[in-house]
Amino acid sequence: MTFNPLTQESAIQSKWLNDGAFHISTRDMGQRQPYYVLVMLPYPSGRIHMGHVRNYTLGDVAARFQRMRGKAVMQPLGWDSFGLPAENAAIKNGTHPAIWTRQNIADMKAQIQRLGISYDWDREIASYLPEYYRWNQWLFLQMWKRGDVFRAMRNVNWCEALGTVLANEQVVDGRDERTGHPVVQKSLEQYFFAITKYADELLAGLDKLDWPDNVKAMQRHWIGKSEGARLRFDVEGHDQIEVFTTRLDTLYGVSFLALSTEHPLIQAQTDEDADLRAFCARIKAQSREERLMADIKEGHRTKLHAVHPFTGELIPIFAANYVLMDYGTGAVMGVPAHDERDHEFALKYGLSIPKVIESDDPWQPGILINSGEFSGMASAEATAAMITKLAGRAVGAVTFKLKDWGLSRQRYWGTPIPTVHCPDHGVQPVSEDELPVRLPEDVEFTGHGPSPLTTSKSFLEAKCPICGGAARRETDTMDTFVDSSWYFLRYLDPKNEHLPFDKAAVDPWMPVDLYIGGIEHATMHLIYARYFHKVLRDLGMVSCDEPFQKLICQGMVLKDGFKMSKSKGNVVDPDDVLARYGADALRLFMIFAAPIEKELDWTGFDGIEGSTRFLKRVARMVDEHTVNAEPLPARDQLSREEKDLLHKLHLTIHRITEDLAVRFQFNTVVSGLMELINAMADLPADSPHRAPVMQHALDAFARMLSPVAPHLAEQLFEQLGGRGFVMQAAWPEANPSWMQADEILVVVQVNGKVRGRVTLPAGATETDRREAALACAEVRPHLDGKEIVKVVLPPNGKLVNIVVKN
RNA sequence: GCGAAUGUGGCGGAACUGGUAGACGCACUGGAUUUAGGUUCCAGCGGUUCACACCGUGCGGGUUCGAGUCCCGCCAUUCGCACCA
């Protein structure tokens, strides 16, 4: 049979689908161990790109390999199908987001199916469907009951001209990216998940995960745990100010307090201090980028003074642009001698810089000086002593950079937040039996303007669950990160009409054994999903602590060194490649061309031509082979070349198995297969037991090819007389006795330089090796006239190093 | 600035516990087959050199019988964070 992927691949795909070969359920798990392979929930943009192809191929190689090794493999796919692009498309084309989304999903699904990925499509989910998002709402209500949801004010990007809120990516240089209308910060009351309650556990849990170190480092940094103390200063004529500091030991070095411009005390002062008011207004007007770019510390001296708790000295209070309201207490004690930022600030405003720590590095802890009774103590000791002495005015405290998760979006295309606003009872959750709160259909997409939800009469009218009176339905929708924070659990029980999922359905499969996706989700998605999982655990809905045991982050697919993008015009469409070369060649290239975690450069079609060449060569070799049912002859009857080939075969089985199961180094799986084919091609045509030896080798080869190039592997397996699907056949086992060669090549070095090679029987002793090495003809000239100091014989038996001196 | 990672032929990369550096592939060169192109097959392919030999894994040092691999100090690139008190 010729190699003709374009016609054969779809036929094989149909056979798999008709046979239900990708289906899995807890019931038919039986004695098999579970293996859950997951790829990150894709956004249905309508077209797959090479990044998807790489991602899905990597997952499928793992899934198909584990299936052949006898695992019960769970590999689902679904759609992250809420979000802004659908609304933008609706504005542009006048198509309802649901129609656009449904069509995109259908298109992308067809493309993915042409790749031959072994997804169990019966588990497909889509977050835009009420059957899915009702459970977002249900989970929100459970979290509301537990106090995991709260409402608070937060700044949003507000465009007055359009009367709407914009996402960060819609704001460029302080203006709406389309219309150019100015955008300002406006405070709105919004919903938050109290993720900081779990900050400590989210940090500690990282240690147990088999994740890339850089991702763990990014999460640790994001959580940003910082240990120190909170300390209250008295303020003349006002309430106390609380500061957070990690260096309470420097307290005698305080020469000013710096407060955020948004700090309540500063805000209160703006009424009577016009200059301060102007300063705060100017700082507020600066965009985030401007503040970062400027990189200059600015402050404004208020008329207020704090009192030093030990010395009673008066300390000036400043409003300063470098103090953030949403970290710590929004106020810092300025210690110019021992903090770089405070130092810069003090120099600018002519403040004193008293030195109170003796240390090699002024910014680091050391021994206290000029600090009253604490002088002479080490920093750590002094901190503890000061807390005691301050008698309740200071307490040890921990602060996190992690912020509570604001989930409100002022958008249409998302999960409606299931609450109502009652004039008498405030914000109330709707009752569970009212779910789902559906998105209304009677809406128009006019372009910019308020969310269509705010104009839908049918949607807005609701009843208060307390008094039954008229209430206004909440028009905020949920961040789409909510959808992707628990979807991997819904896959395990996708049709459940009573719960998001049944504990009994998810426990056998969780945690996910292998999660593959891009590094861009290192913080947000991967922290939110971990948080949700811990909440679900505390709700008694799952048993394990962490959702994703092993994580692999694939590198990007580039073209000529650049990220593929429409604007650069360097996009290679996977469909074009599929149409010319077929799925197997594309999959093979994706696996072979670079290590998983590195960038993969699509250098042109040369690479995939090479993959095709290899597959054709493989197909030809099987065509030229005559199927043979004889058992493999005993080892002592085989020729030297036959034994060499079988030796190579079993070494390769061992290596490929390790690379797939343990090392997750997939590119060398392909090079191993290539080496094996090269070795088979070298077997002489007149080799005495050629047919049974080749049968044995080709059979194992077809099985090992199957995860990477599953279509051709099916065809070859059938040609070789295999029964059923190769994808359901057993993975070959490396036979340890065949991994031992009869003869060993021993490298002979003189003073560490390779000078010769000798071949010895496998059972050669150290003495044999030493003698053979010293007798080796190529080595003799390097020994003549020299004194042999010693002969090193490493235990691996593959090398001899003769150390000589003149 | 802080943190992390990575530096190996023309290119992508391999070398698993310190033990033959450059597996495998791409590109390239020569040859065979072919009317020709393509395909396929054979051979070559780190540098200097006729050769012997020497040099060679970012640079400089160290440990070792032996270093791409371990240690110290630089340099470069990439990524992440970036006033986090």
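Remember, it's a predicted structure, so these values are computed and weren't measured experimentally. Every chain is numbered from 1 and lettered A, B, ... according to where its sequence line falls, protein lines coming before strand lines. Heavy-atom basis, side chains included; hydrogens, waters and symmetry copies ignored.
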When you measure from the side chain of [X] to the backbone of [Y], do you find a donor-acceptor pair of N or O atoms at a distance under 3.5 Å?
| X | Y | result |
| --- | --- | --- |
| Asn751(A) | Val804(A) | yes |
| Ser359(A) | Pro362(A) | no |
| Lys403(A) | Lys401(A) | yes |
| Arg393(A) | Arg232(A) | yes |

Nearest whole Å is fine: how far is [N] [atom2] from [X] [atom1]?
| X | N | atom1 | atom2 | answer |
| --- | --- | --- | --- | --- |
| Gln219(A) | rC81(B) | CD | P | 13 Å |
| Phe345(A) | rA85(B) | CZ | P | 18 Å |
| Asp682(A) | rC42(B) | CG | C1' | 12 Å |
| Phe589(A) | rC24(B) | CZ | P | 19 Å |
| Ile591(A) | rC24(B) | CD1 | P | 20 Å |
| Asn214(A) | rC79(B) | CG | P | 13 Å |
| Leu231(A) | rA85(B) | CG | P | 16 Å |
| Leu651(A) | rA15(B) | CG | P | 15 Å |

Would you classify [X] as touching base, sugar-phosphate or nothing, given that sugar-phosphate means primed atoms plus P, OP1 and OP2, and contacts are heavy atoms under 4.0 Å?
| X | result |
| --- | --- |
| Ile802(A) | nothing |
| Gly610(A) | sugar-phosphate |
| Asn801(A) | base |
| Lys798(A) | nothing |
| Asp659(A) | nothing |
| Ala594(A) | sugar-phosphate |
| Arg755(A) | sugar-phosphate |
| Arg757(A) | base |

| With syn defined as a glycosidic torsion within 90 degrees of 0 and anti otherwise, which applies to rG9(B)? | syn

| query | Relative to the 5' end of RNA chain B, which residue comes earlier, Asn751(A) or Asp342(A), by the nucleotide with the nearest heavy atom? | reply | Asn751(A)

| message | Please compare Met218(A) and His782(A) by the position of their nearest nucleotide in RNA chain B and report the one closer to 5'. | response | His782(A)

Could you measure between the two [atom1] atoms, the one in [N] and the one in [M], and give it in whole Å?
| N | M | atom1 | result |
| --- | --- | --- | --- |
| rG80(B) | rG30(B) | P | 45 Å |
| rG22(B) | rA27(B) | P | 22 Å |
| rU17(B) | rC81(B) | P | 32 Å |
| rA53(B) | rU6(B) | P | 37 Å |
| rG46(B) | rU39(B) | P | 24 Å |
| rG61(B) | rC55(B) | P | 15 Å |
| rG12(B) | rU64(B) | P | 36 Å |
| rU8(B) | rG13(B) | C1' | 9 Å |

Just compare [options] and give me whichever is closest to any side-chain atom of [X].
| X | options | answer |
| --- | --- | --- |
| Glu675(A) | rC24(B), rC41(B), rA14(B) | rC24(B) |
| Thr246(A) | rA14(B), rU20(B), rA85(B) | rA85(B) |
| Leu324(A) | rA85(B), rA14(B), rU20(B) | rA85(B) |
| Ser671(A) | rA23(B), rA85(B), rG25(B) | rA23(B) |
| Pro595(A) | rC26(B), rA14(B), rG25(B) | rA14(B) |
| Phe592(A) | rA21(B), rC65(B), rC24(B) | rC24(B) |
| Lys753(A) | rC55(B), rA14(B), rG25(B) | rC55(B) |
| Val754(A) | rA27(B), rA21(B), rC65(B) | rA21(B) |
| Asp339(A) | rC41(B), rA85(B), rU20(B) | rA85(B) |

| field | Nucleotide paired to rA5(B) in any strand shown, Watson-Crick or G-U, under 3.5 Å | value | rU77(B)

Short side-chain N/O contact to [N] OP1/OP2 from [X], under 4.0 Å:
| X | N | value |
| --- | --- | --- |
| Asn667(A) | rC24(B) | no |
| Gln749(A) | rA67(B) | no |
| Thr603(A) | rC26(B) | no |
| Arg617(A) | rU39(B) | no |
| Lys598(A) | rG12(B) | no |
| Arg613(A) | rG38(B) | no |
| Arg220(A) | rG3(B) | no |

| task | Look at the aromatic rings of Phe605(A) and Trp602(A) and report parallel, tilted or perpendicular, splitting at 30° and 60°. | result | perpendicular

| Quick one: is the NZ or CZ of Lys297(A) closer than 6.0 Å to the six-membered ring centre of Tyr322(A), and within 45° of its axis? | yes

| query | Is it the case that Lys550(A) places NZ or CZ above or below the six-membered ring of Phe664(A), under 6.0 angstrom from the centre and within 45 degrees of the axis? | reply | yes

| task | Answer yes when Glu778(A) and Arg757(A) have at least one side-chain N-carboxylate O distance shorter than 4.0 Å, and no when they do not. | result | no

| query | Any salt bridge between Arg247(A) and Asp339(A), counting N to O under 4.0 Å? | reply | no

| request: Answer yes or no: side-chain N or O of Lys790(A) and base N or O of rC65(B) forming a donor-acceptor pair under 3.5 Å. | output: no

